[in-house]
Every structure is written in structure tokens, then in C-alpha cells.
Amino acid sequence: MSELQPVRGTRDLIGEDHRRHLHVIDTARRVAARYGLEEWATPIFEDTRVFSRSLGDTSDVVMKEMYSFTDRGGDSLTLRPEGTAGVCRALVTNGLTQSLPQKVFYAGPMFRYERPQKGRYRQFHQIGAEVIGPAEPLADAEIIACGWDILQALGIADDVVLEVNTLGDRESRDAYRAALVDYFTAHQAGLSEDSLLRLERNPLRILDSKDEADRRIIADAPDIHAHLTPEAAAFYDRLKSYLAGFGVPFVDNPRIVRGLDYYGHTAFEFVTTRLGAQGTVMAGGRYDGLVAEMGGPPTPAVGWAAGIERLSMLLTEVPAAPRPVAVVPVGEAAEATALAVLQSLRRAGIRAEMAYRGNMKRRLERANRIGARAVIILGETELARGVAQVKDFSTGTQQEVLLAELIAKLQ
RNA sequence: GCGGGCGUAGCUCAGAUGGUAGAGCGCCAGGUUGUGGUCUUGGAUGUCGCGGGUUCGAGUCCCGUCGCUCGCCCCA
């Protein structure tokens, strides 16, 4: 075992791991484009205030999980823990609040200082989608439909259930929070220690406690729907009918919550039972207050993010490693022709390789090791006649092909 | 920050009650000086995570430590 190991919570993406990872991004990118999303790439580190503002002062626990550092100029910078804040900052700094709506897709690394566990790393990767501008629930439904299509294109939709909820507007939320505090205070005696703490700090979070005793109490907890203003209830109804219109199956889950104040109305999660404790595969909601936090005008927005590592683990069909054609010259005299053949294949769009050294046997062994689908053997007897031996590695059969017909033969 | 499991060859792992370390796969070489994969013969693997202790003797027992992993907390 070598002395230098990857830093805790990071890992190398090599071979199949990387093919899975790329497949997720490529697929998501392709589907997102069909919805008219444009891909943005924002910096992976930002002024710490970009994130501290978006989090508010309520969650200093979360602040402790940020990778923050002071640079040589004395500024506090932070490796981005999520993508939405940076996108909103970019929207404002590029003056795009004047050209709404903006429909954005992104993919890239995120960083959180937390204890690694299944599907959870300190450097992890997300894809994300945001629609900034529209206040209509049609935008919520559309971005959810986009996420659903991506999961389908990845072949994992069968293992995933879409759960939706509404957090209502400000008025609804305040009323609901008060009702929850009343209810849980009345049932304090049965609550777990953790939930008693949550009751003081963040009562909504009790709703997703994993403690069994808690769950029994939660089952009879007040429902947000009883506390929705007529406007908020209408918004949620329209969302659900649009989802039906887009053909996206979903279930109501009134227990989905969000911790931060700028979240309102739609909240949703795509969940699976196949990943142990990390069941959420894609999650999002409406965040009408965030752009204003970044110094822009009040601007409604809705979006989601998904962890690429988790999606990769769910893939059942792994993209196959590419199979090249190997060119095998026999003897020095054949090398010049071999190079010409090699390049003509590559320029015709065929993945082609030639070993740097070795006799024929070695080169064939190497061709086999790299998964070649065929080898082109060029020796003196072939050169003299302007042909090559083409051996199909799947079947083991070999035939003579005119050099001029090689590309057509291997296309 | 807290709890459970695990650290032995490149990989997956076996090594009852302490006696100087093994298998499969992979790798290297030969059988085959113009034919891979299959077959066959042979070969090389190692600070048994690290440090200390007990013992005539520790991969094995004890203490500590680091790492991995699953979960709790947290989840923007």
C-alpha cells in the first residue's frame, strides 16, 4: 500500500467509474438541452458571502461543513457546497435579471466537510437545473419533468419515486410552523433526544426523523395543507395538474421539508430504496427569495440538483469500454505503411491504436488486453501485394483486405 | 462529534485453540522465431495498516493510533 492516499472523502474516477460518471452527465446534458436549458459553468469557489448569505444565520451548523479558507489577499473564499447560489450570483453579476427567464443546466464538483458514507463524499459531483424568472407553477412542473426524463434516459426511473409537497407561501409556513410547535410540545415526552433539540432549533426537521418513536408521533402531526392560504393551495393544485399533463407520476408526501427561509411552495424529491440511508437521488424546489439575497431584484426561481455518485451507483447498464482497432506491423519495413494506415483510420473516425514496441505476439497480446475488436496485420508479404490481414477478435476469423478497402471494412 | 464492522500479494479473500504466510484471479516467461483470447508448464510477488506491550516465539492475544466502510447527527 502506497504512502500517499487520496484525501478522506475524495476518490479517483478511473475506468468504469469514470464511464458511469460521464454517462450520467452526457445523458443529463442531452435531455436538458431538449428542454431549452443552456449550460453554465460558474467558478468552483466563490466569495464566502455567496454561500453565507444564501444560508442566512440560522444554520451555522451548515457553515461548519463548508470548505472555507483565506486567500493571500485576505479574502474569505469557499469551495462551493452546492450549485444554486453560484448560479444566482452569476445571474445578478452578469445583468441577466434583465433577460428572464433564464433556464440553466450545470454539472461539476461540490465540496462539503462531512463524514463520508455510502454515496456521500467530501468532493462529490452534481448535475443541476434551474429556471429563473417564472412565478408560474408550470415552470416547476416543467423542470420536474426534465428531471424525470433524465432518470428515465438513465434507465433508473423504475427504481425511483417522485414525492412532492408544498411549503406554501410565507403566511402558510408561519401558521404551519406554529401548529407544529404546539403539537410536538404537547407530545414532548415521547420524542427522541435529537427531536427535542430540533423542536427548539428547527421544528420542521422533526418530520424527517428516522427514530421509530418519533415516527409514530409524526404520523398524527398536523398537515401543512390545513394551513395553506387559498393562493398557496391553488398554486399546489395547479402544479399537480401540470405534472399530470406532462405525464409525470408522483405521490404526495406532506413530510418533505426545507430548512431555509427562501424556500417556498414546491418541494420535491426523487427517492429510491436502493441506496441505504442515502435515498434521495434528486431534490429541488422553489426558491423565490434567493436572487434577492444575492443583491438582485426579487426574482422567482425553481430548480433541482442531483448527486452524480448516487446516480452512477444506480445505473444497471454500464457503458461499455470502447473497442479500438489495433494496427500490427510485422518487421521494420512495414512501419511506414502501418503509420499511414493508422492515421487514415483515425481520420475516418475509427478508434485505432498501435503499440510502441514489441514483436507480433506481444502486439497481439496487447491488442487483446485493450479490448481490440480487430487487428490489422501488415507484414512483408502483405505489403508486396497492397493488402492487410484483418483478424476479427470476436470470432477469431481472419481475411485478406485491400489497403484501399480497409476503412470501409472496419467502419 | 457519536456508534458498529473491517485492514494479509496489483485485485477478491483464506489463515480454530500463538510455532517464522496461502489460494483464485491478474502479472512475467516457455510450449508456438507471422497469430491474441482458450489450453498447458514454470516463475515473481508481501514492512500481515502503523506504534507499543505480553511471550522463548505474535498475522493470531492486549493497549494505542491511522485508514476504509456502514449507520447516527447534519443535509444548502
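Just so you know, these numbers use all the heavy atoms, side chains as well, and skip hydrogens, waters and symmetry mates. Quick note on labels: first sequence line is chain A, next is B, and so on, each numbered from 1.
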[X]: what forms a ring-ring contact (aromatic ring centres under 6.0 Å, His included) with it, not counting sequence neighbours?
{"X": "A:Phe270", "result": "none"}
{"X": "A:Tyr67", "result": "A:Tyr113"}
{"X": "A:His225", "result": "A:Tyr236"}

Original post:
Is there any side-chain hydrogen bond (donor to acceptor under 3.5 Å, both in side chains) pair reaching into residues 348-359 of chain A, and which pairs are they, with sequence neighbours excluded?
Top reply: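 Sorted pair list: A:Glu353-A:Arg366.
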Subject >> With A:Arg274 via side chain to side chain contact (heavy atoms under 4.5 Å, CB included) - residues at least two apart >> reply: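 Once residues adjacent in sequence are excluded, the partners of A:Arg274 under the side chain to side chain contact (heavy atoms under 4.5 Å, CB included) criterion are A:Asp159, A:Thr272, A:Leu314, A:Thr316.
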Subject >> Those residues of residues 80-93 of chain A lying under 4.0 Å from RNA chain B by at least one heavy atom >> reply: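 Listed by number, they are A:Pro81, A:Glu82.
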**OP:** Would you jot down, in residue-number order, the residues of residues 287-304 of chain A having a non-hydrogen atom under 4.0 Å from RNA chain B?
**Re:**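 Within residues 287-304 of chain A, no residue comes under 4.0 Å of RNA chain B.
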Original post:
What pairs meet the ring-ring contact (aromatic ring centres under 6.0 Å, His included) rule with one or both residues in residues 118-168 of chain A, with sequence neighbours excluded?
Top reply: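 Listed by first then second residue: A:His21-A:His125.
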**OP:** Select base, sugar-phosphate, or nothing to describe what A:Arg363 touches, counting heavy atoms under 4.0 Å on all strands.
**Re:** nothing
**OP:** Could you check whether A:Tyr263 gets within reach of a base, just the sugar-phosphate, or nothing at all, counting any heavy atom under 4.0 Å?
**Re:**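 Sugar-phosphate, backbone atoms only, no base.
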Original post:
Since syn is defined as within 90° of 0, does B:A14 count as syn or as anti?
Top reply: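 Because its glycosidic torsion lies more than 90° from 0, B:A14 adopts the anti conformation.
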**OP:** Treat primed atoms plus P, OP1 and OP2 as sugar-phosphate and everything else as base, then score nucleotides 34-39 of chain B 5' to 3': B for base contact with protein heavy atoms under 4.0 Å, S for sugar-phosphate contact only, - for none.
**Re:** BBBS--
Original post:
Sequence neighbours excluded, which residues qualify as salt bridge (Lys or Arg N to Asp or Glu O under 4.0 Å) partners of A:Arg385?
Top reply: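 Per chain and number, A:Arg385 pairs via salt bridge (Lys or Arg N to Asp or Glu O under 4.0 Å) with A:Glu400.
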Original post:
Between atom CD in A:Glu212 and atom C1' in B:C72, what is the gap in whole Å?
Top reply: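 So the two atoms are 15 Å apart, to the nearest Å.
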Just the table, please: protein N/O against nucleotides 64-70 of chain B N/O, every pair under 3.5 Å.
unit_1	atom_1	unit_2	atom_2	d
B:C68	OP2	A:Arg8	NH1	2.2
B:C70	OP2	A:Lys118	N	3.0

Subject >> Paired and unpaired positions of RNA chain B as dot-bracket, Watson-Crick or G-U wobble under 3.5 Å, | denoting a partner strand >> reply: (((((((..((((.....[..)))).(((((.......))))).....(((((..]....))))))))))))....
